[in-house]
Structures are given as C-alpha cells and as structure tokens.
Protein chains: 2
Amino acid sequence: MDRVDNSLIALRRIIRATELYGRDLKQIAGITAVQFRALQIIGEKGYATAKEVSTRMRVSQATVTSLVDKLVRENMVTREKSETDRRQTDICITEQGRDTLENAPDPLQQRFVRKFAAMEDWEQTMLQAMLERVASMMDAEDLDASPVLDTGDIKH
Amino acid sequence: MDRVDNSLIALRRIIRATELYGRDLKQIAGITAVQFRALQIIGEKGYATAKEVSTRMRVSQATVTSLVDKLVRENMVTREKSETDRRQTDICITEQGRDTLENAPDPLQQRFVRKFAAMEDWEQTMLQAMLERVASMMDAEDLDASPVLDTGDIKH
DNA sequence: TCAGATACTTTGTCTATCGAAGGAAACAAT
DNA sequence: ATTGTTTCCTTCGATAGACAAAGTATCTGA
C-alpha cells in the first residue's frame, strides 16, 4: 500500500538530483541550465527562430528574447534577420557556442550513463520500458522532452 | 545502444512534467511550488526554524528569509522568537497555512497515483524497484527528498 | 489594398536564488 | 567574568528566469 509513496519519493529524489546539478553547472561552467537548453536547441541545426525555441522550451517569446539577449552578450549566438520572412530572427550559434555545447560538464548524466551501462542487458531494457511508462503517466500531452535534463546529449 | 538515450529522454519528460505542473499550481492555487515545499516542512511539526527549512530545502538562509517573508505576507505562517534559543526564530504555521496545505490541488501526483493504482500488482512492485534504483543512480549523497515533487503528500 | 495574424522586442513586475555584511545570542576557554 | 568564536537570522544588492501587456514590423488572405 505504500508502494505509491515510495515510488513518489524515488521520483522526488530523481528530480531533486537534476535540480542540484543545475546549480553546479552554473557555478562550474558559467552557463545556466536554461541557457544551455536554449543553446542546445539552437545548436541542433546551427540556428533557430525565437518562436521555435519558445515552443520547444514551452516558455513565452518574451522569455526567449531575454534568454537570447544573455546568450548574445556571452557571444554564444548571434541574431540575424531572416531572409525569407523578415519578421523572423534567426538565432545562430557561434563557434564559442558550439564549444560550450561540446565541453559542458555533465556529471549527472555521466553518473546515470555509467551505472546504466553496468546493468545487465535485460535490466536495461526493463528500466527503459519502466521510465517510458512513468513518463507517459506524468505528461499528458506529447511533450518535447529535450529542454529538460539540462545537460546535453550523451557522450558515449 | 540507444536504450540509454531513450531512458534519458523519458527522464526528461518526467522532470518536465513536474516543472510545468509547478507553473500551473502557481496560477491556480496562488502559491508557488517552492513556497508550498517550505510550508510543507513547517507544517510537519507545525513549526520549524529557518535553519531547518534551509537545510532541508538545500537553499541559503537568505532565501529562506525571503520565502518566509512571502508566507507571512500571505498569512500562511508567523514568526516567533524561540524561547529556548533566542537566536532562533520559530516559523509557525497558521490556520490558513494548514488550509492551503490540505486543499492545494495536486493534479500531477493524482495522475500518477491514478495510473499507478491501475497497474497490476507485480508491475507496481517492479516500478517501485526501478524508480528507487534510478534515484540511487542519480543522487550521490543521501538527499532529503521531501522538498521536491512540489505537491504534498498523497491523498489516497 | 488593407485588416488581421504573426514574429519579435520592450517594459515593467514577480519569484527564486545567492553572497556578503552585520546584529544578536550562545558557547567556550581562560 | 571577559573575550573570542560560532551560530542563527536578517538586510542589502545582484542576477536569472518567467510572464503579461503593449508596441513595431512584416506577412497574408480576401
């Protein structure tokens, strides 16, 4: 009967771990988790519109504007008026932005990845299935998950 | 090979769901997730010192001060000088604070709890085990997990 | 062509968070 | 006792993230 409770507690611990990691990242790498998420999205194709970032991160456009302001100040990205639709602004990643993307530390994921790799094959499969199950239990809509674990793609 | 990736994506979705829920809570219930966490801790015994809240939430005392300021403004808690150690301030929950604690909506947990309840017995057990496993994969230290799912204990 | 939609920025406001500095009380050691 | 240290809390100033509302520029469909 308190399987639910224990499951929820575990969930809290997981979420908490990512929160704390976000704070570390800020201190260590000089970029915040949120800025990093935005940078990741921009980095995927090398550029992105504000709208796209806004939609994918699920924040308002105003928020994206101020986020991009900071990234511009830090020379991670540049703004360039779109040629095709002059209402749009392409936010383009710079060399330095790429650099940051590639070199940001990701101790949290590494910890996960390391332990994951150490598991038995069947256990990995099971874990994946379970996590996906929980995810669909918790997010109603079909969310774009990318903006969240704060920490870039996995480097194997 | 991309079992890790898919697992991480699922994890991101889970975390994202809790983030979005926090924003909803704020709009609907007029209290933010963070304030709610603090209120929960205070509510456990009916009172708590700033230090205790700070330690358990893992934020600075300065943060707790401003957090408590807001809770005081909203009549959720009161400050009272401790009798035993006059450096300390007891933060005491009020009637209204208790009320908020009891009546805050927790749609996210409810969604989880509902679906959890619908699962087979063996599946519940398995899920719990898996979540606990992931939690221990992600948090190095023995964290106090309580301040995180933003949303109070489960009402069965 | 022009009215409405769309994309973005600006402005102003909130919350959450921190570090540094400081007051007040408690404790410790002579 | 007195003096020095530590602990607890608050104040102050700063920053990030977030949003709403209002404004600007551009596009599109009728």
Side-chain angles (χ1 to χ4, degrees), chain A residues 19-39 42 47-74 76-92 147-148 150, chain B residues 16 19-39 42 47-74 76-91 147-148 150:
Chain A
E19 281 184 2
L20 294 176
Y21 166 63
R23 294 186 202 165
D24 289 352
L25 178 69
K26 185 165 150 190
Q27 287 197 324
I28 297 164
I31 190 169
T32 67
V34 174
Q35 286 170 31
F36 195 80
R37 289 178 213 172
L39 198 55
I42 297 157
Y47 60 89
T49 64
K51 184 61 194 278
E52 187 182 347
V53 175
S54 152
T55 307
R56 294 196 40 197
M57 291 184 65
R58 282 179 178 71
V59 297
S60 71
Q61 285 199 353
T63 302
V64 173
T65 297
S66 83
L67 218 44
V68 172
D69 284 348
K70 277 167 213 139
L71 289 174
V72 168
R73 241 183 281 140
E74 288 155 9
M76 299 291 186
V77 302
T78 56
R79 279 193 174 94
E80 274 159 47
K81 274 272 173 216
S82 161
E83 292 298 305
T84 53
D85 182 340
R86 303 196 47 74
R87 289 170 307 180
Q88 292 183 323
T89 305
D90 284 331
I91 305 155
C92 307
V148 169
D150 301 348
Chain B
R16 185 63 180 167
E19 281 184 1
L20 293 176
Y21 167 62
R23 294 186 204 163
D24 290 351
L25 178 69
K26 185 165 151 191
Q27 288 198 324
I28 297 165
I31 190 170
T32 68
V34 173
Q35 286 170 30
F36 195 79
R37 290 180 214 171
L39 197 55
I42 297 157
Y47 60 90
T49 64
K51 184 60 193 280
E52 188 181 347
V53 176
S54 152
T55 307
R56 295 197 39 197
M57 290 184 64
R58 283 181 177 69
V59 297
S60 72
Q61 286 198 354
T63 302
V64 173
T65 297
S66 83
L67 219 44
V68 171
D69 283 348
K70 276 165 216 139
L71 290 174
V72 168
R73 240 184 282 139
E74 289 156 9
M76 300 290 186
V77 303
T78 56
R79 280 192 172 93
E80 275 159 45
K81 273 272 172 215
S82 161
E83 291 299 305
T84 53
D85 182 340
R86 302 196 48 76
R87 287 170 307 181
Q88 293 182 325
T89 305
D90 284 331
I91 304 155
V148 168
D150 302 346

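Reminder, nothing fancy here: chain letters follow the sequence lines and each chain counts from 1.
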(request) Can you measure from NZ (B/K70) to CD (B/E74) and round to the nearest 0.5 angstrom? (result)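 Reported to 0.5 Å precision, the distance equals 9.0 Å.
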
(message) Nearest 0.5 angstrom please: A/K51 NZ to A/R56 CZ, how far?
(response)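 It comes to 14.0 Å.
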
Remember a base hit wins even if backbone is also touched, and classify [X] as base, sugar-phosphate or nothing at under 4.0 Å, heavy atoms.
X     : result
A/T63 : base
A/S60 : base
A/S66 : nothing

(request) Check whether any side-chain N or O of A/K70 sits under 4.0 Å from OP1 or OP2 of D/dG17, and answer yes or no. (result)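 It does, given that an N or O in the side chain of A/K70 lies less than 4.0 Å from OP1 or OP2 of D/dG17.
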
Round to the nearest Å and state the distance from [X] atom [atom1] to [N] atom [atom2].
X     : N      : atom1 : atom2 : answer
A/R87 : D/dT26 : CZ    : C1'   : 6 Å
A/K26 : C/dA16 : NZ    : P     : 14 Å
A/L71 : C/dC8  : CG    : P     : 15 Å
A/D85 : D/dT28 : CG    : P     : 6 Å
B/E52 : D/dT7  : CD    : P     : 17 Å
B/R37 : C/dT17 : CZ    : C1'   : 12 Å
B/D69 : D/dT11 : CG    : P     : 7 Å
B/Q61 : C/dG22 : CD    : C1'   : 14 Å

(request) May I ask you to decide if B/V59's main-chain N or O and B/S54's side chain share a donor-acceptor pair within less than 3.5 Å? (result)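 Such a contact is found between B/S54 side chain and B/V59 backbone.
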
(message) Side chains of B/V34 and B/M57, heavy atoms from C-beta outward: is any pair under 4.5 Å?
(response)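 They are in contact (side-chain heavy atoms under 4.5 Å apart), so the answer is yes.
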
(message) Tell me which one of B/L39, B/V68, B/I42 satisfies side-chain contact (heavy atoms from CB on, under 4.5 Å) with B/V53.
(response)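 With B/V53 as partner, side-chain contact (heavy atoms from CB on, under 4.5 Å) holds for just one option, B/I42.
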
(message) Closest approach to the side chain of B/A62, judged atom by atom: which nucleotide of C/dG19, C/dC8, C/dT17 is it?
(response)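 For B/A62, the side-chain atoms sit closest to C/dG19.
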
(request) Could you check A/Q35 against B/V68 and say which one's nearest nucleotide on DNA chain D is further toward the 5' end? (result)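 Comparing both residues, the 5'-ward one is B/V68.
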
(message) Quick check: on DNA chain D, is the nucleotide nearest B/D90 upstream (toward 5') of the one nearest A/T32, or the reverse? Name the residue that is more 5'.
(response)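 Final value for this comparison: B/D90.
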
